[in-house]
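Values below: every heavy atom of this structure, side chains too, minus hydrogens, waters and symmetry copies. Position 1 is the first residue of the sequence, and the numbers go up from there.
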Amino acid sequence: MKPHISLITLGVADLPRSRAFYERLGFGVRQESNEHIVFMDTVNGLILALFPREKLAEDANASADTDRRGAGFPGFTLAHNVASPEEVDAVLAEAVAAGATLQKPGQKVFWGGYSGYFADPDGFLWEVAYNPFMDLT
């Protein structure tokens with residue numbers, strides 16, 4: 001296996017709502033999208049897919065009854081790195097304006113950077129971070 005992630009799929013409660021949220025944040029919708037699934041481009045080639053939660057659980061042969069998000073931390077976060085602490089705060093504000101919930105405001109963190117978190121309309125957590133030790137932008 002080549003160590004490469006090409007697509008992340010989020011199981012969402014309301015596909016049109018999630019599509020609108022991510023479009024407001026600047027994600028472009030790919031031509032292959034339809035009323036059942038939305039594929040969105042990122043600047044680095046990774047594709048973010050949005051798919052109804054129940055259908056994603058069915059596709060993965062998993063129980064849709066287990067709402068891990070509702071039971072607490074889902075066990076993963078998505079990350080968006082920027083070039084400065086000021087950009088962290090600006091992106092967090094942009095996400096909130098688009099409909100996100102501010103989970104943790106931007107602040108200095110133990111590892112020497114600056115980061116904060118927002119939750120999208122389905123509760124998926126996004127870290128927005130400035131890392132002065134590694135260029136991830």
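Within the structure, every pair that satisfies the salt bridge (Lys or Arg N to Asp or Glu O under 4.0 Å) test and touches residues 13-28, not counting sequence neighbours, is listed here: Arg17-Asp122, Arg19-Glu23. A ring-ring contact (aromatic ring centres under 6.0 Å, His included) check over residues 34-53, counting only residues at least two apart or in different chains, returns nothing. Applying the ring-ring contact (aromatic ring centres under 6.0 Å, His included) test to every pair with at least one member in residues 87-115, sequence neighbours left out, gives no pairs at all. Applying the salt bridge (Lys or Arg N to Asp or Glu O under 4.0 Å) test to pairs two or more places apart or on separate chains, none has a residue in residues 82-107.
Interatomic distance, CG of Leu25 versus CG of Asp120, reported as 9.0 Å (0.5 Å rounding). The CZ atom of Phe27 sits 9.0 Å away from the CG atom of Leu50 when rounded to the nearest 0.5 Å. Taking OG1 of Thr42 as the start and CG of Leu78 as the end, the distance is 11.5 Å to the nearest 0.5 Å.
When side chains are defined from C-beta on, Thr77 counts as touching Tyr117, because their heavy atoms get closer than 4.5 Å. Proximity of Leu46 to Ile8: side-chain heavy atoms (C-beta onward) are separated by under 4.5 Å at one or more points. Taking the side chain as every heavy atom from C-beta outward, Asn81 and Tyr130 never approach each other to under 4.5 Å.
One hydrophobic cluster holds both Leu102 and Val82 under the rule that ILVMFWY side chains link at heavy-atom gaps under 4.5 Å. Residues Val38 and Ile47 do not share a hydrophobic cluster, clusters being chains of Ile/Leu/Val/Met/Phe/Trp/Tyr side chains in contact below 4.5 Å.
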(request) Given side chain to side chain contact (heavy atoms under 4.5 Å, CB included), test Val12 with Arg53 step by step and report yes or no. (result) CA-CA 5 Å; Val12 300; Arg53 181 173 166 67; over 6 Å; no
(message) If you apply the rule side chain to side chain contact (heavy atoms under 4.5 Å, CB included), what do you find for Leu7 with Leu48, and how did you get there?
(response) CA-CA 6 Å; Leu7 189 137; Leu48 178 67; over 6 Å; no
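Annotation: salt bridge (Lys or Arg N to Asp or Glu O under 4.0 Å) contacts of Glu35 (sequence neighbours excluded): none. Evaluation of the side chain to side chain contact (heavy atoms under 4.5 Å, CB included) rule for Ala90 yields no partner, not counting sequence neighbours.
Counting only distance, with no hydrogens or angles, the side chain of Ser18 and the backbone of Leu15 share no donor-acceptor pair below 3.5 Å. Using modelled atom types, no side-chain atom of Glu54 and backbone atom of Pro52 make a donor-acceptor pair closer than 3.5 Å.
Here the shortest heavy-atom pairing between Pro132 and Gly112 reads CG-O, 3.5 Å. Closest non-hydrogen pair, Gly106 versus Leu92, comes out as N-CD1, 3.5 Å.
Under the 30°/60° scheme for interplanar angles, the aromatic rings of Phe118 and Trp126 are found to lie parallel.
Side-chain atoms of Glu127 and Ser115 include a donor-acceptor pair closer than 3.5 Å.
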